[in-house]
2 protein chains.
Amino acid sequence: MDIVTTTSPDRPARRDATRNRAALIDAAMVELRDDPDASLDAIAARAGLSRRAVYGHFATREDLVLTVVEAGAARIAQGIGTVDTDDSRVAIATIGARLWASVSHVRVMADLAVRGPYRSTVAAALAPIRRTLRDVIEDGVSRGQLRRDIPPAVVARLVEDAALTVLGEATRSGIDDDHAARLVMLAGLSGAGLGWQEAGLVVDETLRNGLVNA
Amino acid sequence: MDIVTTTSPDRPARRDATRNRAALIDAAMVELRDDPDASLDAIAARAGLSRRAVYGHFATREDLVLTVVEAGAARIAQGIGTVDTDDSRVAIATIGARLWASVSHVRVMADLAVRGPYRSTVAAALAPIRRTLRDVIEDGVSRGQLRRDIPPAVVARLVEDAALTVLGEATRSGIDDDHAARLVMLAGLSGAGLGWQEAGLVVDETLRNGLVNA
DNA sequence: ATTATCTTGCACACGACTGTGCAAGATCGT
DNA sequence: ACGATCTTGCACAGTCGTGTGCAAGATAAT
């Protein structure tokens, strides 16, 4: 009946317990993506557990969602890592490609960020990632590589949303990974103000340099 | 206690009744934009009425929401009207500018389209508008005016989402109408694959031709 | 001023969800 | 095989939302 803490239990947790905990977080991701107000019943059922068992791992429903959000943000941030280039356009393309590698996590966060009582929580968790993107863009503007007609903050949003839109379309249509990653890169660069031909060149260069899998 | 029908009451409705009905729809728009699951209590309160009074105008909560959705879609479609030009880029810019004129309605619909049990309903109501945009884009692609690197259907989504993103940012920051309309046009054209300089030229041309207020 | 038309306030039934207690059963660790 | 650790199932309290009935009050129309 004790809550299995995520940090350091007094005594090591049982193996099935940790497995079930992970299954719950996983199930919550899937379920919350469809419906941010999904019931604990639905989440527990998907994890193959009873609703009652959830309270053995998380104090409240909010506690579970918070865990999902933080885990998701962490995995996205880790998936992006650091981008080592002077060309902000290449950086944007690289981030886009790496984003595709974390699609499932990204989409959950994106949906949760829009609505529900967790908007602010999710926004806070995503703040570091957004800061990275914004830094890249501001840098690109000051170097004359990116558009000057729209404020950098708004450009950051445009890049973000364009990538998310394509992320959604790509998962929906089920195209292959290479094609999807390319689409995400192209969309992000469009938001950044590049014409589609130029964006294509940047994507090619990015792929050639092997920065994506750094 | 009878429900005031929107089409043709047996006998004309009382003046305050129709006013209250409009107030309810208005309040629902505002409230649903913040929270698609807003309670009838919250909506009625904003309209200056009691929850019980709502049932004098709408049979169920769903009936009210449906009315809001259809009214919103109709006003947006009417706001866009028809665009008379052979240049699909100018057409996109024009639509963007006119979209700004219907911001409040557009944003409600956009938020409702994302989540909640009304996704499909809203999608159906918006279908004609989306078809217009898609036709413009497919036409533009076949004339060599628009990008060929991304499927037209996805491009349509990109244009739509870019415009909505800027619509949100513009309302949030409260800039003036001319500036906002320009941003919306630029964002839409970016999604369509234009570079930001070229997009600027198209916007200037569109404004010069006076197509926006046709 | 009188009638028909709303609106209100309260009552209630109903459903969906959260969070908790407890006993019995299943599973793991050793 | 034994004890500690999960999990289950059920019962229950509490909250919040919808939809309805009804009597009393407010407002508009003529």
Side-chain angles (χ1 to χ4, degrees), chain A residues 1-28 31-32 34-68 115-118 121, chain B residues 1-28 31-32 34-68 115-118 121:
Chain A
M1 183 87 59
D2 277 348
I3 296 174
V4 180
T5 57
T6 171
T7 49
S8 63
D10 286 9
R11 307 293 156 122
R14 239 166 65 175
R15 226 174 303 153
D16 61 339
T18 60
R19 175 164 35 91
N20 285 337
R21 189 175 196 277
L24 280 173
I25 297 178
D26 228 51
E31 215 63 29
L32 290 175
D34 290 357
D35 174 17
D37 290 328
S39 71
L40 285 186
D41 236 331
I43 295 174
R46 175 173 292 272
L49 296 180
S50 68
R51 182 179 74 95
R52 190 64 186 77
V54 175
Y55 292 97
H57 296 275
F58 304 94
T60 72
R61 183 204 139 90
E62 192 171 353
D63 189 18
L64 168 57
V65 177
L66 196 72
T67 304
V68 169
R115 71 122 162 184
Y118 304 109
T121 308
Chain B
M1 183 85 62
D2 277 348
I3 296 175
V4 180
T5 58
T6 169
T7 48
S8 64
D10 285 8
R11 310 292 156 122
R14 238 167 66 176
R15 227 173 305 155
D16 60 340
T18 60
R19 176 166 33 91
N20 284 337
R21 188 176 196 277
L24 280 173
I25 297 177
D26 228 52
E31 213 66 28
L32 290 176
D34 291 357
D35 173 18
D37 290 328
S39 71
L40 285 186
D41 236 331
I43 294 174
R46 175 171 294 271
L49 296 178
S50 68
R51 181 179 76 94
R52 190 64 186 77
V54 175
Y55 292 96
H57 296 275
F58 304 93
T60 71
R61 182 205 141 89
E62 193 170 352
D63 188 18
L64 168 57
V65 177
L66 196 71
T67 304
V68 169
R115 79 125 163 176
Y118 304 109
T121 308

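- Looking at A:L40 and A:Y55, their side chains come closer than 4.5 Å, going by heavy atoms from C-beta outward.
- Distance B:F58 CZ to D:dG19 P: 13 Å, rounded to the nearest Å.
- Under the rule for a side chain to side chain contact (heavy atoms under 4.5 Å, CB included), the partners of B:A44 that lie at least two apart in sequence or sit in another chain are B:V54.
- You'll find that the side chain of B:A53 is closest to C:dT8, out of D:dT8, C:dC6, C:dT8.
- For A:D35, the salt bridge (Lys or Arg N to Asp or Glu O under 4.0 Å) partners at least two apart in sequence or on another chain are A:R115.
- B:D16 is linked by a side-chain hydrogen bond (donor to acceptor under 3.5 Å, both in side chains) to B:R14, counting only residues two or more places apart in sequence or in another chain.
- Note that the CG atom of B:L24 and the CG atom of B:L49 stand 5.0 Å from one another [nearest 0.5 Å].
- For A:N20 and D:dC6, the shortest distance from a side-chain N or O to OP1 or OP2 is not below 4.0 Å.
- For residues 38-51 of chain A, the pairs satisfying salt bridge (Lys or Arg N to Asp or Glu O under 4.0 Å) are A:E31-A:R46, with sequence neighbours left out.
- Regarding contacts with the backbone of D:dT7, a side-chain N or O of A:H57 is found under 4.0 angstrom from either OP1 or OP2.
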I need a per-nucleotide contact map over nucleotides 13-20 of chain C, read 5' to 3'. Cutoff is protein heavy atoms under 4.0 Å; write B for the base, S for backbone only, - otherwise. ----SBBB
Atom pairs, protein N/O to nucleotides 13-16 of chain D N/O, distance under 3.5 Å:
none

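- In this structure, B:T67 OG1 and B:E62 CD are separated by 10.5 Å, a value rounded to the nearest 0.5 Å.
- Annotation: side chain to side chain contact (heavy atoms under 4.5 Å, CB included) contacts of A:A23 (sequence neighbours excluded): A:A47.
- The CD1 atom of A:I25 sits 7.0 Å away from the CG atom of A:L64 when rounded to the nearest 0.5 Å.
- Remark: B:R61 engages no residue in a salt bridge (Lys or Arg N to Asp or Glu O under 4.0 Å) (not counting sequence neighbours).
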Counting primed atoms, P, OP1 and OP2 as sugar-phosphate and everything else as base, the B/S/- map of nucleotides 25-30 of chain D against protein heavy atoms under 4.0 Å is --BSS-
